[in-house]
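Written out below as structure tokens is the structure these notes cover.
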Amino acid sequence: MKMSIKVILVAAIVILAAVLSLLHMGRKIEVNTDKRVEGLSGELCEVLYLASLAPNSHNAQMWKVKIDTEEQTVVIGLDKNRRFPAVDPHDREMAISLGCYAGMLTEALGAYGYKYDIEYLSGDDYIEIRYDKVTDAILQDRIDRIYKRHTDKSAFTAAALSDEQVGKLVLHDNVFYYPKGTEYFSYIRDNMLAAITQQSYDRAKAEELAGWLRLSNRETVEKKDGLPAEQLGLTGMVKSLYYLTTTHDSAKNDSFARQSIDTASKQLDGCAGFLAITSGGSREELLTCGMQLVKIWLSAVECGVSVHPMSAILEEEPYRSLIKQDLGLKEQPQMVMRLGIADDYGENAAIRRDLADYITVEEN
């Protein structure tokens, strides 16, 4: 009898230790981004940190930034080491992501009392923003919007968006909303899932994605980029089990693909509608699309609408070539986003690199 009690106690201790370990692994990760950049004021560093919270493909943070404090210019370029040659061979999404960074930078500058001008560039430099401080007033509500913006990959509630909410998101004549229950909603849902299925089983694209997955809290803290569990919408015990059962090699396998497709199917069924932003395909037009996306997304924050970009339908053929004609659009969709109302609006995981890793200050 005594031996049985000891066995039970040992087993209970082992189980408790395992549960505590899983809870510890599944805790919310805190990535401490170093905002300091030598030669820049604390305020400018804060502005640049807010800019880094911009949406971007795979959380690759593919921007490189040069600042001339005497000329008061910020030049935004592409870090070619952070490209996605398999899924984005023509840098379409890279250009949109850099446009998002520029858009978020202008939002942050405006919140801290700066006026600005934007100029499009060529070569590896994409955009120059000239800034000038005009007031000491700080617009905290605009700063709070930036901090709150995030991608939500959960299945949303069954609630439809109100006309008022839709009106606050369709800010331009190249933006279109397709609510659930309409023919075009079904078209996007079905073809998005087909494109995701095709992409998930593509070996080169699976390997590229696997390289940007972060599969432990330690890797997340060390890299400060990519797609850890938080960026995939996984928290708590689900996050722990994901980390325990997934490796960079297993993420390339068919079983991972099947799980991704199943998750996508639930996401596509669990939303109020899809929002599409269209534009031409020039670099300037794609950069502008990214800046528009930021304004739409921040407006979504204000009216409590959750946002989840989904890109496979714009990356895979024949879906990419057909969508413009099939939706009756004049220009090609460059962004498609799943929208809805979440039970918990959530927050930005703020997994961002140290500013000095990609920002240089020009010496005069």
Side-chain angles (χ1 to χ4, degrees), residues 55 57-58 84 86-97 151-156 158 160-161 166 169-170 172-206 208-209 227 232-233 254 256-281 285-286 289-290 292-293 296-297 300 305-340:
S57 185
H58 287 48
F84 300 104
V87 77
D88 187 30
H90 304 296
D91 292 341
R92 183 188 67 85
E93 292 176 34
M94 296 292 98
I96 294 173
S97 295
T151 294
D152 190 337
K153 297 186 178 181
S154 66
F156 303 142
L161 301 191
V166 173
L169 300 178
V170 182
H172 312 279
D173 59 8
N174 63 320
V175 180
F176 303 88
Y177 180 63
Y178 305 106
K180 193 170 189 176
T182 62
E183 177 184 354
Y184 286 157
F185 174 92
S186 297
Y187 173 89
I188 294 174
R189 180 199 60 203
D190 295 346
N191 285 275
M192 183 72 78
L193 186 60
I196 288 170
T197 300
Q198 178 173 299
Q199 188 172 96
S200 296
Y201 286 113
D202 185 302
R203 184 68 178 181
K205 293 170 185 176
E208 187 172 79
L209 173 63
L227 299 170
L232 302 176
D254 286 354
F256 188 87
R258 287 191 293 271
Q259 182 59 52
S260 299
I261 295 163
D262 180 63
T263 298
S265 178
K266 294 174 183 176
Q267 291 169 335
L268 290 165
D269 285 334
C271 69
F274 298 108
L275 193 79
I277 305 175
T278 67
S279 81
E285 289 169 315
L286 294 173
C289 177
Q292 289 179 336
L293 171 58
I296 292 168
W297 208 322
V305 174
S306 294
V307 179
H308 174 198
M310 304 186 82
S311 300
I313 198 171
L314 307 178
E315 296 165 342
E316 298 295 311
E317 294 293 355
Y319 312 100
R320 172 173 170 75
S321 295
L322 295 174
I323 187 171
K324 173 184 169 183
Q325 177 180 333
D326 290 349
L327 294 182
L329 298 170
K330 293 181 179 179
E331 293 185 307
Q332 176 71 11
Q334 304 295 354
M335 290 295 303
V336 173
M337 292 166 286
R338 187 177 70 97
L339 305 183

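Basis for what follows: all heavy atoms, side chains included, without hydrogens, waters or symmetry-related copies. None of these values were measured; they are calculated from a predicted model. Numbering of residues begins at 1 and proceeds along the displayed sequence.
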> Do Glu315 and Asp88 come close enough that some side-chain heavy atom pair is under 4.5 Å?
Replying inline: no
> Is there a donor-acceptor pair closer than 3.5 Å between any side-chain N or O of Thr263 and the backbone N or O of Gln259?
Replying inline: yes
>> Determine whether a donor-acceptor pair (N or O, by modelled atom type, separation under 3.5 Å) exists between the side chain of Lys180 and the backbone of Asp269.
In response: yes
> At their closest point, which heavy atom of Gln198 faces which heavy atom of Glu317, and how far apart are they?
Replying inline: NE2-O, 2.9 Å
>> Applying side chain to side chain contact (heavy atoms under 4.5 Å, CB included) to Ile296 and Met335, what does each step give before you reach the verdict?
In response: CA-CA 12 Å; Ile296 292 168; Met335 290 295 303; over 6 Å; no
>> I'd like to know whether Tyr201 forms a side chain to side chain contact (heavy atoms under 4.5 Å, CB included) with Asp254, so could you lay out the CA-CA distance, the side-chain angles of the two residues, the decisive distance to 0.1 Å, and finally the verdict.
In response: CA-CA 7 Å; Tyr201 286 113; Asp254 286 354; 3.5 Å; yes
>> For Ile313, is there any backbone N or O sitting under 3.5 Å from a side-chain donor or acceptor partner on Asn191?
In response: no
>> Taking the side chain as everything from C-beta on, heavy atoms only, tell me whether His308 gets closer than 4.5 Å to Asp152.
In response: no
> Does a side-chain heavy-atom distance below 4.5 Å link Leu209 with Val87?
Replying inline: no
> What class does the angle between the rings of Tyr178 and Tyr184 fall in, given that below 30° is parallel, 30 to 60° is tilted and above 60° is perpendicular?
Replying inline: perpendicular
> Do the non-hydrogen side-chain atoms of Thr278 and Lys330 ever get within less than 4.5 Å of each other?
Replying inline: no
> Does some side-chain heavy atom of Val170 sit less than 4.5 Å from a side-chain heavy atom of Leu275?
Replying inline: yes
> Is a donor on one side and an acceptor on the other found under 3.5 Å between the side chain of Ser97 and the backbone of Ser57?
Replying inline: yes
> Given side chains that start at C-beta, do those of Thr151 and Trp297 come closer than 4.5 Å, heavy atoms only?
Replying inline: yes
> For Asp262, which residues count as a salt bridge (charged side-chain N to carboxylate O under 4.0 Å, His left out) partner, sequence neighbours excluded?
Replying inline: Lys266
>> Consider side chain to side chain contact (heavy atoms under 4.5 Å, CB included). Of Met192, Arg338, Arg189, which one does Gln267 pass it with?
In response: Arg338
> With distance as the sole test, does Gln334 use its side chain to make a donor-acceptor pair with the main-chain N or O of Leu314 at under 3.5 Å?
Replying inline: no
> Say you draw a straight line from CD1 of Ile196 to CD1 of Ile261; how long is it, rounded to the nearest 0.5 Å?
Replying inline: 8.5 Å
> Does the side chain of Glu93 come within less than 4.5 Å of Phe84's, by heavy atoms?
Replying inline: no
> Looking only at atom types and distance, does a side-chain atom of Ser321 sit under 3.5 Å from a main-chain N or O of Pro318, one as donor and one as acceptor?
Replying inline: no
> Taking all non-hydrogen atoms of both residues, which atom of Ser200 and which atom of Ala206 are closest, and how far apart?
Replying inline: O-CB, 4.2 Å
> Rounded to the nearest 0.5 Å, how far does CD of Glu316 lie from CG of Asp202?
Replying inline: 6.5 Å
> With side chains defined as the heavy atoms from C-beta onward, is the minimum distance between Cys271 and Phe185 less than 4.5 Å?
Replying inline: yes
>> Tell me whether the count of non-hydrogen atoms from other residues, nucleotides or ligands lying under 6.0 Å of CD in Glu183 goes above 12.
In response: no
>> Donor-acceptor check, side chain of Gln332 to backbone of Arg320, threshold 3.5 angstrom: yes or no?
In response: yes
> Do side-chain atoms of Ser279 reach the backbone of Leu286 as a donor and acceptor pair under 3.5 angstrom?
Replying inline: no
> Is there a donor-acceptor contact under 3.5 Å from the side chain of Glu208 to the main chain of Ala204?
Replying inline: no
>> If you apply the rule side chain to side chain contact (heavy atoms under 4.5 Å, CB included), what do you find for Val307 with Leu339, and how did you get there?
In response: CA-CA 5 Å; Val307 179; Leu339 305 183; 3.8 Å; yes
> Would Tyr177 and Leu169 satisfy side chain to side chain contact (heavy atoms under 4.5 Å, CB included), going step by step from the backbone distance to the final call?
Replying inline: CA-CA 9 Å; Tyr177 180 63; Leu169 300 178; over 6 Å; no
> Does Ser260 have any side-chain hydrogen bond (donor to acceptor under 3.5 Å, both in side chains) partners at least two apart in sequence or in another chain, and if so, which?
Replying inline: none
> Do you know which two heavy atoms are closest between Tyr187 and Leu327, and how far apart they sit?
Replying inline: CD2-CD2, 3.7 Å
> What distance do Ile188 atom CD1 and Ile323 atom CD1 have between them, rounded to the nearest 0.5 Å?
Replying inline: 5.5 Å
